[in-house]
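Predicted model, so just to flag it, every value in this text is computed and none were measured.
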Amino acid sequence: ADFIEVVETGPRDALTAGFAADLAGFKDAFYGAGANATDAEVQAFIDELRNRYGEFTGSRLDQQGGSAQPAFGQPNVPFPYVLEFEDVEVRTEVEVVFADPASGPGFINKLGYIKVFDDDAGDLTYPPPPADEGSEDAE
């Protein structure tokens with residue numbers, strides 16, 4: 001998939017796979033920690049989304065969320081998306097990884113993370129942050 005395609009589809013394919021219990025397919029859309037997370041971590045993220053919002057129906061770029069124009073050569077860029085569920089739409093930020101300078105030339109075009117913004121129930125991030133970062137609850 002090329003850059004434009006990855007940005008346009010964003011997290012849709014990954015979440016569609018995850019909600020269909022295709023955990024490998026979900027992880028396959030990610031690069032780095034998201035690709036290496038355990039099935040249990042994937043399942044926990046999907047379960048939490050389903051518990052909060054119902055079944056996943058689609059996603060789209062959030063035109064109101066500001067346009068993240070990647071600087072040329074920037075290896076990863078966060079884009080704003082709206083995730084669409086049965087009853088509700090949820091704002092998210094999804095990082096797209098275009099390249100990894102450490103792995104040499106070539107494009108990756110995978111997802112880095114999904115961060116769901118939820119003022120009521122708390123933000124939800126996949127892959128989960130490392131436990132050693134400390135989890136202070138924000139006021």
Side-chain angles (χ1 to χ4, degrees):
D2 66 8
F3 165 82
I4 301 296
E5 198 180 329
V6 170
V7 171
E8 280 182 353
T9 56
R12 186 186 315 139
D13 294 346
L15 287 168
T16 299
F19 271 78
D22 178 4
L23 304 184
F26 178 85
K27 288 194 280 191
D28 191 50
F30 286 85
Y31 182 75
N36 299 320
T38 65
D39 285 354
E41 288 171 321
V42 174
Q43 195 62 58
F45 178 72
I46 298 295
D47 288 348
E48 186 62 29
L49 287 176
R50 184 178 274 126
N51 290 341
R52 289 184 186 188
Y53 313 120
E55 289 302 313
F56 175 71
T57 58
S59 67
R60 65 180 190 272
L61 265 172
D62 183 1
Q63 306 298 347
Q64 282 74 47
S67 58
Q69 289 302 321
F72 184 72
Q74 193 175 342
N76 48 339
V77 182
F79 289 92
Y81 288 89
V82 174
L83 299 188
E84 300 159 354
F85 294 88
E86 290 167 303
D87 312 317
V88 67
E89 297 189 339
V90 187
R91 288 186 315 112
T92 59
E93 178 180 277
V94 178
E95 179 188 58
V96 179
V97 179
F98 301 110
D100 179 356
S103 71
F107 292 101
I108 290 165
N109 293 330
K110 297 253 187 181
L111 306 181
Y113 63 77
I114 297 177
K115 181 170 186 178
V116 176
F117 299 109
D118 188 329
D119 292 339
D120 298 323
D123 294 351
L124 188 60
T125 305
Y126 176 87
D132 59 15
E133 285 185 10
S135 52
E136 290 85 34
D137 290 309
E139 291 300 314

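Aromatic rings of Phe85 and Phe56 (six-membered ring for Trp) have centroids within the 6.0 Å cut-off, being under it.
Separating the CD1 atom in Ile114 from the OH atom in Tyr81 is a distance of 10.0 Å, to the nearest 0.5 Å. Phe26 contributes atom CZ, which lies 8.0 Å from atom CG of Leu111 (distance to the nearest 0.5 angstrom). Between atom CG of residue Leu23 and atom OG1 of residue Thr38 there is a gap of 9.5 Å, rounded to the nearest 0.5 Å. If you take CG on Asn76 and CZ on Phe98, they are separated by 8.5 Å, rounding to the nearest 0.5 Å. Taken to the nearest 0.5 Å, the CD atom of Glu86 stands 9.0 Å off from the CZ atom of Arg50. For the atom pair Thr57 OG1 and Leu83 CG, the distance stands at 9.0 Å (nearest 0.5 Å).
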Original post:
Which is it for Val6 and Phe79 under the side chain to side chain contact (heavy atoms under 4.5 Å, CB included) test, yes or no, and what are the steps along the way?
Top reply: CA-CA 11 Å; Val6 170; Phe79 289 92; over 6 Å; no
Original post:
Does the pair Asp39 and Gln43 meet the rule for a side chain to side chain contact (heavy atoms under 4.5 Å, CB included), with working shown?
Top reply: CA-CA 6 Å; Asp39 285 354; Gln43 195 62 58; over 6 Å; no
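Ion pairing between Arg60 and Glu89 holds under the 4.0 Å rule for side-chain N and carboxylate O. Under 4.0 Å is where a charged nitrogen must lie from a carboxylate oxygen, and between Asp118 and Arg52 at least one such pair does.
Nearest heavy atoms, Phe30 versus Ala14: CE1-CB, 4.1 Å. Taking all atoms of both residues into account, the shortest heavy-atom contact from Gly34 to Pro127 is N-CG, 3.6 Å. For the residue pair Val94 and Pro11, the shortest heavy atom distance occurs at CG2-CG, 3.8 Å.
Remark: the backbone N or O of Val82 is not paired with any side-chain donor or acceptor of Ser59 at under 3.5 angstrom. No donor-acceptor pair under 3.5 Å is formed between the side chain of Asp22 and the backbone N or O of Gly18. Using modelled atom types, one side-chain atom of Lys27 and one backbone atom of Ala37 make a donor-acceptor pair closer than 3.5 Å.
Heavy atoms from other residues, nucleotides or ligands lying under 6.0 Å from CZ of Arg91 number 12 at most. Within 6.0 Å of CZ on Phe117 lie more than 12 heavy atoms contributed by other residues, nucleotides or ligands.
Two residues are said to be in side-chain contact when any heavy atoms from C-beta on lie closer than 4.5 Å; Val77 and Val96 fail this criterion.
Residues forming a salt bridge (charged side-chain N to carboxylate O under 4.0 Å, His left out) with Asp28 (at least two apart in sequence, or on another chain): Lys110.
Both Val116 and Val88 are members of a single hydrophobic cluster when ILVMFWY side chains are connected at heavy-atom separations under 4.5 Å. Under a hydrophobic clustering in which Ile, Leu, Val, Met, Phe, Trp and Tyr are joined whenever their side-chain heavy atoms come within less than 4.5 Å, directly or via other members, Tyr113 and Leu49 fall into different clusters.
Donor-acceptor pairing under 3.5 Å is lacking for the side chains of Tyr126 and Glu41. Using a 3.5 Å distance cut-off with no hydrogens or angles, the side chains of Asp87 and Tyr53 do not pair a donor with an acceptor.
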